[in-house]
Amino acid sequence: MGRFFLTTPINYVNDAPHIGHAYTTVNADALARWHRLAGDEVFFLTGTDEHGAKVAESAAEHGMEPRAWADLTAARFEEAWRGLDIAFDDFIRTSQPRHYRAVQAFLTRIYDNGYIDKGLYQGLYCVRCEDYYTEEELVEGNCPNHGTPVTYMEEENYFFRLDQFTEPLLEWYEQHPEAVRPASKRNEALGFIKGGLRPISITRASLRWGVPVPWDEGHVFYVWYDALVNYLTAIGYGTDEGRWAQWWPSVHHLIGKEILRFHCVWWPAMCMAAGIEPPANIFVHGWLLFGGEKLSKTMLQRLRRSAEEVQLTDVAPEVLTDDFGVDPIRYHLLRVPLGNDSEFSYDSIVARYNADLANNLGNLASRVATVVGSKCGGIGPPPDPASPLAPLAAAAVAEASAAWETFAPHEALAATWRLIGAANAHLEATEPWKLAPGDELEGVLGSALETLRIVALLVSPAMPASARELWRRIGLPGVPEDRRVPTDAAWGGYPGGLPVVKGEPLFPRRRA
Ligand code: MSP
């Protein structure tokens, strides 16, 4: 048993949640659920990033005060996550008083340690990224991330002396070769550091919507400077040292690739400047792409207006979950390898749903229940200790465990689906529907039920509600989440003598 502290990026409240945001958060939720199943004490944190120019501008566009606008949009994120069965332990909002206290305590430490000084900022800024760019980084004069114009900014404000951390950061990377994964992203971060670090402007005199700078009332902190600190606020930095020390620095930050520089360069340096250890683990994933571009609301709206053949009718998570169900969408997002960019399309959801859920898992559950109904009076027999499925189940448990541990949900699910495929193939080979009553029939059906029990455990982090339903249908008491893996996933746990119900198809087949 260990501790597992997992974070998602906190979402900007300038816009409604979309499926790109859901990608990170569903993956994080499944990882958190896996660690709970493995017996770890888990703290899974998500929330909203509410300050800054971008949010202030979108509030103004909606004719609202930033705080009222943030209340409204933060609630939409919380609602979207509840709709996707995200079991977070804490939902942090950066407009909360607890966060103001932590940011002010953290930044005062950095100030007192001599790493913040005043200067004139002159340069280019993208409000949509809330990030600075150099001339060389622009693509055809525009923001490399959004393709939109950047603005020239000139303001006297406070600077964090990031330039003083080149050597400490290189040393930290050297001593913690696994801290940033995958290795390609670690190299990208090292590239930024070796490319030269400059002081960063960390306050704004022109903005009111932010955390006030404690030593200079005329300024608020730059949004990224307050946002990153959320990871500390939630575990009691500055208010509950005992709790904080239990969870830090062995955190796992899951982030999208566009915010690598903030998390893998700035954040470790800020931690060093405040005299604390940098975060121990940062896992960087790629983007969901739609037609080769980053999936974003604006892009889909643009595509919808210009191309009738676009089939992803909207990007709001609930549009897809209303159509397919919550678990199939979670499953789909989890089968996208967490690392590189991946294409996302409506057709691929349908194809995967039919192949994996309707034809494979759903089919296994329904044919086993049918034969138990017709041949055993609906009472499940116990498994055969010598079933050829037993070693395959053990392999699936080991492979899935290893994959979850290395932030590879897609591999964990692939291992589980190999077991489901083997169980279907075994039924086809043994044809229990043709067998006479007796030991062989009972052994085959009991082993199929035992496989379904183990599968329910293994899929529960990905599809919690479906796993519970499967568990119930094969007559087991309680819920799979309350069991522990690997102990309870050992072959032989299905006791037999339990009522098995067929019910409606778990995953009715979809027309393409
Ligand atoms: N507020 C910052 C994060 C601050 S963390 C201290 C932010 N917010 S965001 O809402 O714009 O994006 C949050 C995350 O959503 C991204 O880091 C990324 O993980 C995810 N995604 C948004 N669009 C995405 C895709 N198209 N594909 C995959 N993930 C994407 O950045």
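Note that the coordinates shown come from a computational prediction; the quantities given were computed from them, not determined experimentally. Remember, it's 1-based here, ligands and their atoms both numbered in the order they're listed.
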Provide the number and element of each atom of ligand 1 under 4.0 Å from a heavy atom of [X].
| X | value |
| --- | --- |
| Ala227 | 6 (C) |
| Asp49 | 1 (N), 2 (C), 4 (C) |
| Ile259 | 17 (O), 31 (O) |
| His285 | 19 (O), 28 (C), 29 (N) |
| Gly286 | 28 (C) |
| His21 | 10 (O), 12 (O), 15 (O), 22 (C) |

Answer yes or no for Lys257: is there a heavy-atom contact with ligand 1 below 4.0 Å?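 Outside the 4.0 Å threshold, so no.
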
So for Glu258, does at least one of its heavy atoms come nearer than 4.0 angstrom to any atom of ligand 1?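 Yes, that is the case, since the closest heavy atom of the residue is under 4.0 Å from the ligand.
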
Inspect the surroundings of CD in Gln122 and state if more than 12 heavy atoms from other residues, nucleotides or ligands are less than 6.0 Å away.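 Above 12, so yes.
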
Check each of Ile10, Thr24, Thr7 against atom 3 (C) of ligand 1 and report the one with the nearest heavy atom.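 Closest candidate by heavy-atom distance is Ile10.
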
Pick, from Trp287, Tyr231, Phe262, the option with the minimum heavy-atom distance to atom 6 (C) of ligand 1.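 Considering heavy atoms of Trp287, Tyr231, Phe262, the nearest to atom 6 (C) of ligand 1 sits in Tyr231.
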
Aromatic contact, Tyr115 with Phe165 (centres under 6.0 Å):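 That pair passes the under 6.0 Å test.
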
Phe77/His21 aromatic ring centres below 6.0 Å: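 For Phe77 and His21, the ring centres are under 6.0 Å apart.
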
Is it the side chain, the backbone, both or neither of Tyr23 that has a heavy atom closer than 4.0 Å to ligand 1?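 Looking at Tyr23 and ligand 1, just side chain atoms fall under 4.0 Å.
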
Tell me whether Arg98 is salt-bridged to Asp240, with the criterion being a basic N under 4.0 Å from an acidic carboxylate O.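 No.
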
Under 3.5 Å side-chain donor-acceptor pair for Ser58 and Trp69: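 Ser58 vs Trp69: donor-acceptor pair found between side chains.
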
